[in-house]
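Throughout, a chain's letter reflects where its sequence line sits, starting with A, and its residues are numbered from 1.
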2 protein chains.
Amino acid sequence: MVKFAMNLVLEKYKDSGFKMTPQRLAILEYLEGNTEHPSAEEIYRSVIRKFPTMSFATVYNTLEMLVSRGRVMELSIDAGKKRFDPDMVPHHHLICRRCRCIEDVFEDFSIDVSSGTKRNFEVTGHHIAFYGFCPSCQDKNDKG
Amino acid sequence: MVKFAMNLVLEKYKDSGFKMTPQRLAILEYLEGNTEHPSAEEIYRSVIRKFPTMSFATVYNTLEMLVSRGRVMELSIDAGKKRFDPDMVPHHHLICRRCRCIEDVFEDFSIDVSSGTKRNFEVTGHHIAFYGFCPSCQDKNDKG
DNA sequence: TTACCATATTATAATTATTATTGTCAAGTA
DNA sequence: TACTTGACAATAATAATTATAATATGGTAA
């Protein structure tokens with residue numbers, strides 16, 4: 001089962017022009033279909049279970065390569081750290097103010113900044129962060 | 001002129017329940033009306049000119065206090081670091097992909113996530129990051 | 001298959017960003 | 001005045017990221 005998934009990932013990236021190594025495969029496999037928007041540390045903690053010699057540098061190198069090749073998105077939605085999203089379909093996010101969990105929103109909101117307010121920017125895309133409280137945090141009183 | 005501005009800031013914060021000190025005043029004065037969305041470091045670099053003994057801890061402490069009292073917004077729109085915005089009027093941002101400069105957008109986009117996609121989140125607000133190229137970066141070729 | 005080369009990996013150090021701790025000092029108060 | 005509170009600075013600690021250099025490995029061509 002796992003082997004099958006690994007083969008799928010391997011197929012997908014084989015001809016992408018970058019070297020496939022066991023470490024990279026493990027990172028890719030972890031990211032494949034992942035909707036948790038993991039940070040570099042979360043990725044590291046996961047793959048080191050399979051590759052105890054894995055280093056942070058490899059995680060960052062691989063992520064940087066994937067981002068530069070448009071395979072993964074770097075998200076700036078968590079204060080002070082980067083998060084990564086393997087889903088390149090344009091989408092938005094729901095962010096819980098309390099537990100900081102993040103959910104995807106695949107609704108298409110076509111928004112146009114009026115020419116007056118866009119200050120001659122050439123706008124190429126947008127991302128909406130919806131802030132609020134996730135189901136399990138709505139019950140709890142302390143919403144600070 | 002500067003003295004007058006300082007007095008205005010002083011007036012504004014005097015009765016807010018927190019102690020006003022020269023250092024805090026300098027930080028507040030730097031933030032007052034600032035639309036640069038500065039990071040902690042930029043604030044530090046500015047105020048240390050007036051207060052050479054200023055420490056980073058004071059900057060962070062003051063910012064944390066201001067954020068917790070709803071005087072300043074903490075922005076997660078720059079990878080790997082926090083930025084701060086003294087303008088508490090809800091608004092959005094234009095972000096240059098190249099030089100990373102940030103401009104305010106005071107247009108009101110009323111967006112509703114359909115109940116289907118919002119996964120039982122209680123949505124309390126949203127922020128739109130418009131990505132693109134600022135006027136001075138549009139000319140330059142290398143948009144990487 | 002082997003040898004070679006380019007590049008990936010690791011270890012490590014350095015840098016940047018942030019948070020925590022502690023002692024001191026100053027302002028306000030009993 | 002003595003006491004209390006909290007702000008400040010110095011410092012250390014931690015977290016997040018980037019850079020460097022030596023080694024190991026995968027892919028390719030002979």
*asked:* Output the rounded distance in Å from NZ (A:K19) to P (C:dT7).
replied: 7 Å
*Does the B:E103 side chain pair with the main chain of B:L94, one donor and one acceptor, at a distance under 3.5 Å?*
no
*Report the distance from atom CZ of A:R24 to atom P of D:dG27, rounded to the nearest whole Å.*
11 Å
_Measuring to OP1 and OP2 of C:dA8, would you say a side-chain N or O of A:T58 lies under 4.0 angstrom away?_
no
*Approximate separation, where rounding is to 0.5 Å, of B:I95 CD1 and B:I102 CD1*: 5.5 Å
*Distance in angstrom units between B:Y60 OH and D:dT14 P, rounded*: 17 Å
_Value in whole Å for how far the C1' atom of C:dA17 lies from CZ of B:R45_ = 13 Å
_I need the CG-C1' distance between B:N61 and C:dT19, as an integer number of Å._
9 Å
*Quickly work out the B:K82 NZ to C:dT19 C1' distance and round it to whole Å.*
9 Å
*Run the ring-ring contact (aromatic ring centres under 6.0 Å, His included) check on A:Y131 and B:H127 step by step: do they pass?*
CA-CA 8 Å; A:Y131 293 98; B:H127 171 263; 7.5 Å; no
*Between B:G80 and B:P22, which has a closest nucleotide on DNA chain D that is more 5'?*
B:P22
*asked:* So, OP1 or OP2 of C:dT10: does either fall under 4.0 Å of a side-chain N or O from A:Q23?
replied: yes
*Would you mind telling me which of C:dA8, D:dA19, D:dA9 lies closest to the side-chain atoms of A:T21?*
C:dA8
*asked:* Using a heavy-atom cut-off of 4.0 Å across all strands, would you classify A:S55 as base, sugar-phosphate, or nothing?
replied: base
*Compare the minimum distances between each of C:dT10, C:dT9, D:dT17 and the side chain of A:T53, then state the nucleotide with the smallest one.*
C:dT10
*asked:* Donor-acceptor pair, distance only, cut-off 3.5 Å: does the side chain of A:R83 make one with the backbone of A:L75?
replied: no
_Within the 4.0 Å heavy-atom criterion, would you say B:E64 contacts the bases, only the backbone, or no part of the nucleic acid?_
nothing
*asked:* Expressed as a whole number of angstroms, how long is the span from B:E41:CD to D:dA16:C1'?
replied: 15 Å
*Rounded to whole angstrom units, what separation is found between the CE atom of B:M54 and the C1' atom of D:dA7?*
11 Å
*For the atom pair CZ (B:R69) and CD (B:E64), what is the distance rounded to the nearest 0.5 Å?*
11.0 Å
